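The block underneath contains the structure these notes are about, expressed in structure tokens.
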Protein chains: 2
Amino acid sequence: MASVTIMDVARHAGVSKKTVSRVINNEANVKDEMREKVNRAIQELGFKRNPLGMALAKNRSLFIALLSDNSSPGYLMNLQKGILQGCSEEQMGLFLYDCDYRSPTLVQEVEAYIDNTLVDGLILRPPMCDKLELLEMLDRKNVAYIRIGPKDLNRGESLGFNSAKASYDITHYLLKLEHRHIGFILGHPEQRSSQLGEEGFRKAYKEAGLKVNEALIAQGYYTYQSGMDAAATLLNNTPRPTAIFAANDEMALGVLYEVQSRNLKVPADISICGIDDIAQSTKVWPNLTTIRHPLLTIGYQAACLLIGRLKNKKTAGPARGPDGTQIFDGELVIRASTSTAPKAIEVGT
Amino acid sequence: MASVTIMDVARHAGVSKKTVSRVINNEANVKDEMREKVNRAIQELGFKRNPLGMALAKNRSLFIALLSDNSSPGYLMNLQKGILQGCSEEQMGLFLYDCDYRSPTLVQEVEAYIDNTLVDGLILRPPMCDKLELLEMLDRKNVAYIRIGPKDLNRGESLGFNSAKASYDITHYLLKLEHRHIGFILGHPEQRSSQLGEEGFRKAYKEAGLKVNEALIAQGYYTYQSGMDAAATLLNNTPRPTAIFAANDEMALGVLYEVQSRNLKVPADISICGIDDIAQSTKVWPNLTTIRHPLLTIGYQAACLLIGRLKNKKTAGPARGPDGTQIFDGELVIRASTSTAPKAIEVGT
DNA sequence: GTGAAAGCGCTAACAC
DNA sequence: GTGTTAGCGCTTTCAC
């Protein structure tokens with residue numbers, strides 16, 4: 001392209017390269033008069049700073065990437081959208097990297113990715129954000145990161161969701177609807193949010209003075225298929241649960257499928273709810289009762305935080321500020337998939 | 001980082017910088033002996049070429065981006081996955097840019113994005129790939145692109161899906177099931193695929209010697225909501241259609257919702273089908289009969305094609321090869337949402 | 001075939 | 001406050 005360089009601007013404004021550099025970097029110690037002259041030249045010439053030149057000289061690309069695996073696409077979609085919004089405002093690009101959480105060479109793969117793209121900031125979602133070796137590698141390479149997930153490793157900043165409260169709220173709601181046989185599908189056992197969710201579930205029972213039926217707790221993995229499988233197990237229980245609460249919507253959708261395929265009516269025969277409020281939850285019939293997870297906000301904030309930190313980072317050192325962990329609360333959204341428990345409990349098949 | 005530069009390698013191997021450069025760029029005119037020496041040094045030192053240095057010197061970043069808007073998330077998810085696979089194999093990063101198709105300043109926004117990231121290749125999906133002004137801007141800026149979509153502008157390479165055949169196949173299938181009142185929901189009127197789809201639909205009728213009932217053709221926009229709306233209209237027809245065929249799955253899901261919310265049974269009362277086979281189609285009950293759109297393959301190929309072209313492009317010029325348009329056929333996937341037409345047709349509400 | 005020098009666009013360190 | 005010089009890591013002349 002007819003690229004206008006910083007040199008052209010300098011000549012046009014009758015100043016030195018460095019002064020122009022100072023102006024475009026918003027540095028102090030530039031006379032207003034000069035600044036204006038330079039800005040005018042930039043306008044007139046249509047100058048755009050070449051990020052590559054900057055990156056090379058500063059040894060910081062300002063590129064960031066979202067590391068994700070592809071389980072729970074609805075969740076990812078929302079988060080991605082929020083992040084992109086933040087990037088767009090900050091005029092930054094977002095790299096995407098799709099990795100397999102279970103890959104034994106995960107850390108090396110990510111490292112190679114960083115070397116290839118020179119990103120210097122990463123947004124990590126679960127389950128990646130809980131992988132200690134990964135975080136250690138990033139620290140070693142001096143790559144900044146924001147973790148999306150409940151803080152439990154004391155590393156970097158993280159933006160979390162209040163899984164315990166969400167779980168508590170849903171359970172409380174179901175108990176209020178007089179459900180006494182609630183099936184609960186846990187999240188991925190290796191993710192912190194799963195334990196927190198279980199705590200919330202139990203807390204609601206305890207406060208209601210009721211005892212949890214352990215037979216109605218099933219293991220899930222946050223995936224659609226695991227929701228289906230767990231539902232199949234739970235539905236074979238006697239008495240059959242009058243409600244099933246899955247730790248995320250992706251699994252709840254699996255439950256819904258399993259229930260409907262057995263010709264049970266939702267919510268007449270059985271209530272279903274999840275957590276997250278992904279787009280799909282309002283695209284199935286009946287719409288899912290859930291907890292709204294402010295993923296868009298979280299994604300947006302994560303992007304802004306990360307970019308802000310990269311832009312301000314003077315020295316390269318891993319000088320992470322005080323723990324900036326922020327926890328977001330969800331909000332109960334009552335839709336058509338839940339109702340009061342059916343009066344008579346039949347022993348179904 | 002302990003970054004090893006090309007200079008270090010040169011010293012270690014006892015050759016000049018340039019020779020190393022030749023080796024890592026796989027250029028001809030290097031003695032095998034030299035090449036080996038250099039390669040050994042690269043190994044020993046763990047050298048990785050800094051893409052930024054290259055980008056600056058060559059004025060080509062090799063970065064590519066996927067331009068998308070967020071309608072039809074399932075479609076996007078699949079495409080994205082395919083593209084990422086290709087990028088990963090080629091050791092390239094993928095930038096993501098989410099834009100609003102309807103924005104009046106779309107072209108400027110994309111241009112600013114290119115200036116900010118210096119991407120020199122773009123993958124365009126519909127509806128972006130049909131925007132002539134956008135393509136013109138890209139040509140002017142000498143940014144390569146691959147269009148995902150039916151070729152109709154004679155610009156660049158494109159990977160297309162055979163929408164006409166897909167539509168024909170579905171319609172043919174429904175007619176074979178003795179449906180005679182098929183509601184058809186068109187795609188976005190500004191996208192070429194929509195017209196092709198309509199042609200396929202009509203062709204199937206014609207070949208069967210039947211006449212299309214124009215009242216049963218409704219306008220859609222490829223979005224979930226537009227599918228719901230169109231279904232609402234179609235279901236009020238007398239006689240009510242015994243099947244509804246939507247031009248993509250996203251809309252078909254909207255139809256399914258609308259139908260189920262009216263307490264109609266699928267497929268007993270009404271059959272539903274779509275096109276694309278997005279993940280969601282096997283996550284609803286009943287699973288959707290559809291045409292499998294090889295989006296993963298298309299995305300993968302698009303990435304490989306684009307990257308390949310960038311890597312080989314000697315001179316910057318927009319020297320696009322002969323038209324490499326490739327059309328992929330879909331494949332009928334029969335699932336639970338379709339069955340033979342109900343015998344007696346009731347006039348419903 | 002190979003190497004020396006110059007330069008991509010920008011910023012860092014140090015003068016003035 | 002501002003300008004000068006050197007250099008980020010790589011590639012491109014163009015000699016040899």
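So that the names make sense, note that chain A is the first sequence line, chain B the second, and so on, each numbered from 1. Atoms considered below: every heavy atom in the structure, side chains included; atoms not considered: hydrogens, waters and symmetry mates. Computed from a prediction, not measured in an experiment: that's the story for all the values here.
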Listed pairs, N/O of protein and of nucleotides 5-9 of chain D, under 3.5 Å:
from: D:dC8; atom 1: O2; to: A:A57; atom 2: N; distance (Å): 3.2
from: D:dG9; atom 1: N2; to: B:G53; atom 2: O; distance (Å): 3.3

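Looking only at distances, no side-chain donor or acceptor of A:N25 sits under 3.5 Å from a matching main-chain atom of A:E27. With hydrogens and angles ignored, the 3.5 Å screen pairs a side-chain donor or acceptor of B:S61 with a backbone N or O of B:F63.
Taking a 4.0 Å limit (strictly below) on heavy-atom distances, residues 20-43 of chain A reaches DNA chain C at A:S21, A:I24, A:N25.
With sequence neighbours excluded, the residues forming a side-chain hydrogen bond (donor to acceptor under 3.5 Å, both in side chains) with B:S71 are B:D69, listed by chain and number. For the side-chain hydrogen bond (donor to acceptor under 3.5 Å, both in side chains) test, no residue two or more places apart in sequence or in another chain qualifies with B:E36.
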Derivation and outcome, salt bridge (charged side-chain N to carboxylate O under 4.0 Å, His left out), residues A:D130 and A:R147: CA-CA 8 Å; A:D130 292 335; A:R147 300 171 54 242; 3.3 Å; yes
task: For A:L295 and A:L79, run side chain to side chain contact (heavy atoms under 4.5 Å, CB included): C-alpha distance rounded to whole Å, both residues' side-chain angles, the deciding distance at 0.1 Å, then the answer.
output: CA-CA 5 Å; A:L295 269 172; A:L79 182 64; 3.9 Å; yes
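End-to-end axis angle of the helix from C:dG1-D:dC16 to C:dC16-D:dG1, from C1' rotation axes over five pairs per end: 30° (rounded to 10 degrees).
Counted by atom type alone, A:E190 and A:Y101 present one or more donor-acceptor pairs between their side chains at under 3.5 Å.
When the shell of 6.0 Å around NZ of A:K81 is examined, it contains 12 or fewer heavy atoms from other residues, nucleotides or ligands.
The one candidate from A:L124, A:L134, A:I148 that meets the side chain to side chain contact (heavy atoms under 4.5 Å, CB included) condition with A:C129 is A:L124.
Ring orientation note: the planes of B:F95 and A:F95 are close to parallel, at an angle under 30° on the 30°/60° scale. Relative ring orientation between A:H293 and A:F161 is described as parallel, the plane-to-plane angle staying below 30° on a 0-90° scale split at 30° and 60°.
Separating the CZ atom of B:R60 from the P atom of D:dC10 is a distance of 16 Å, rounded to the nearest angstrom.
Between A:M34 and A:K37, some side-chain heavy-atom pair lies under the 4.5 Å cut-off.
Interface limits on DNA chain C: the 5'-most and 3'-most nucleotides within less than 4.0 Å of chain B heavy atoms are C:dG1 to C:dG9.
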